[in-house]
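Only one structure is covered here, and it is reproduced in the block below.
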Amino acid sequence: MTETLEAEQSVLEGSAEAGVLQVVLNRPRKRNAFDLNMVRSLTRLIDGRAEDTRVIVLSGGDFFCAGADIAVYESGTQAEIGELTRAAGVLVETISTVPIPVIAAVEGMALGGGFEVALAADLVIAGETAKLGLPEVSLGLIPGWGGTQRLAAQVGSRKAKQLIMLQQRLIASDAEALGLVNEVVPAGQSLDRALEVARQLAQSSATALAATKEMVSGAERALAYGDERTTLMRLFTSADGVEGVNAFVEKRPANFAR
């Protein structure tokens, strides 16, 4: 049974079978980068899932997600950037709190907001050539979709600072060693493996899985996501934030004031 929503068809593809909802990010020309429509569409698809959905599998084809669409930051007003940031906060919160397991199948790159979506998922299966990272500091910004908070919660503050400050990209095996990836499989096989795990989970007690997710993720509920988003919005209007985004768009080194 296919459940592709007509309004979201251009950016998402959703299909359900045996209690598993498979959602594919579908903006290949943008490397699946998130704009406001895509963020809201994914949130709606999760919230509007069928009642018998037991597991969600999120993938992006050969390239999981390049993060936020930088065109929004380049041409958007402060209000538009703020709305994207708020909507993205709702999306990652939805992924982290929906009372069923969410599995991210990662191939290619999961950068910025794409990595933050994976951080919000319950399980991550990665192809062996996948890379994950948070490059926002290079734009004079910070990861503002839960990245500073969830990464620190999952790997510790010292390692999180290293990964964010130095904009380090993790290969799949290193991400697995840090506990950010549950399993590494041959390139191109992450989705098949994620669906296999999802079918196994779909046979388990939905009540027990929901309770496990709520209890294990409990510590993350108290994190300072609001402060993180406020800081990101402040940085957007700072001299370094403006310069960083402009430099990225113009494909030149940034000349930060401080």
Side-chain angles (χ1 to χ4, degrees), residues 3-5 7-14 21-27 30-50 53 55-61 63-73 76 79-106 109-124 132-134 136 141-151 153-154 180 194 210 213-214 217 220-221 223-233 236:
E3 295 184 339
T4 302
L5 302 182
E8 275 79 84
Q9 191 167 7
S10 63
V11 294
L12 299 173
E13 293 179 358
L21 173 60
Q22 181 182 344
V23 182
V24 182
L25 305 181
N26 187 36
R27 290 187 81 202
K30 286 283 191 174
R31 294 188 170 182
N32 295 330
F34 283 108
D35 62 5
L36 182 59
N37 175 51
M38 190 173 179
V39 168
R40 287 176 170 169
S41 295
L42 183 51
T43 304
R44 283 195 297 264
L45 194 57
I46 295 171
D47 285 340
R49 67 193 182 279
T53 302
V55 187
I56 296 172
V57 174
L58 181 62
S59 65
F63 197 111
F64 183 72
C65 180
D69 188 343
I70 199 67
V72 178
Y73 295 161
E80 290 171 332
I81 294 171
E83 187 58 32
L84 174 60
T85 302
R86 285 187 290 273
V90 172
L91 170 60
V92 292
E93 184 68 11
T94 298
I95 292 171
S96 68
T97 60
V98 63
I100 57 176
V102 177
I103 306 174
V106 177
M109 299 279 191
L111 301 177
F115 188 14
E116 289 171 290
V117 164
L119 286 171
D122 301 296
L123 300 174
V124 179
L132 307 91
L134 297 170
E136 286 85 351
L141 306 173
I142 63 167
W145 298 7
T148 65
Q149 302 299 290
R150 286 195 175 89
L151 186 62
Q154 293 176 30
L180 296 169
K213 179 169 181 171
E214 181 180 11
S217 300
E220 291 189 0
R221 288 198 294 271
L223 298 178
Y225 299 116
D227 291 345
E228 180 190 69
R229 287 193 290 273
T230 299
T231 301
L232 175 60
M233 290 306 301
F236 274 126

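Start at 1 with the first residue, then count along the sequence.
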Would you say that [X] contacts [Y] through its side chain, given a criterion of any heavy-atom pair below 4.5 Å between the two side chains?
| X | Y | answer |
| --- | --- | --- |
| Y225 | V92 | no |
| V55 | I100 | no |
| V124 | L180 | no |
| L132 | F64 | no |
| L36 | V72 | no |

> Looking at residues at least two apart in the chain, or sitting in another chain, which of them share a salt bridge (Lys or Arg N to Asp or Glu O under 4.0 Å) with E83?
Replying inline: R40, R86

> Considering residues at least two apart in sequence or located in another chain, which fulfil the salt bridge (Lys or Arg N to Asp or Glu O under 4.0 Å) criterion with D35?
Replying inline: R27

Would you name the heavy atoms of [X] and [Y] that are closest together and state the gap between them?
| X | Y | value |
| --- | --- | --- |
| N32 | C65 | O-SG, 3.1 Å |
| R44 | N37 | NH2-OD1, 4.2 Å |
| A210 | P99 | CB-O, 3.3 Å |
| F115 | A110 | CB-O, 3.3 Å |

Going by side-chain hydrogen bond (donor to acceptor under 3.5 Å, both in side chains), name the residues that satisfy it together with [X], two or more places apart in sequence or in a different chain.
| X | value |
| --- | --- |
| Q149 | none |
| T94 | none |
| S59 | none |

>> Applying the side-chain contact (heavy atoms from CB on, under 4.5 Å) criterion to E13, which one of L25, N26, L45 satisfies it?
In response: N26

> Can you list the residues that meet the ring-ring contact (aromatic ring centres under 6.0 Å, His included) rule with Y73, with sequence neighbours excluded?
Replying inline: F236

> So, the side chain of S217 versus the backbone of E214: is there a donor-acceptor pair under 3.5 Å, distance only?
Replying inline: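 Side chain of S217 to backbone of E214: no pair is present.
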
> Is the backbone N or O of G144 less than 3.5 Å from a side-chain atom of T148, with the two atoms forming a donor-acceptor pair by type?
Replying inline: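 Not a single qualifying donor-acceptor pair exists.
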
Inter-residue atom distance [X].[atom1] - [Y].[atom2], 0.5 Å rounding:
| X | Y | atom1 | atom2 | value |
| --- | --- | --- | --- | --- |
| L123 | L58 | CG | CG | 12.5 Å |
| I46 | I95 | CD1 | CD1 | 4.5 Å |
| L21 | I56 | CG | CD1 | 5.5 Å |
| W145 | L134 | CH2 | CG | 11.5 Å |
| E93 | L91 | CD | CG | 10.5 Å |

> With sequence neighbours left out, which residue pairs that include part of residues 112-122 fulfil the side chain to side chain donor-acceptor pair (under 3.5 Å) condition?
Replying inline: D122-K213

> For E136 and L232, what are the C-alpha separation, side-chain angles and deciding distance, and is it a side-chain contact (heavy atoms from CB on, under 4.5 Å)?
Replying inline: CA-CA 10 Å; E136 286 85 351; L232 175 60; over 6 Å; no

>> Surrounding CZ of R31 (heavy atoms of other residues, nucleotides or ligands, distance under 6.0 Å), is the total greater than 12?
In response: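 Atom CZ in R31 is not packed in, count stays at 12 or less.
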
> With sequence neighbours excluded, what pairs up with T231 under the side chain to side chain contact (heavy atoms under 4.5 Å, CB included) test?
Replying inline: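 Listed in chain order: I142, R234, L235.
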
>> The criterion is side chain to side chain contact (heavy atoms under 4.5 Å, CB included); which residues satisfy it with A71, sequence neighbours excluded?
In response: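 Here the qualifying residues are K30, D69.
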
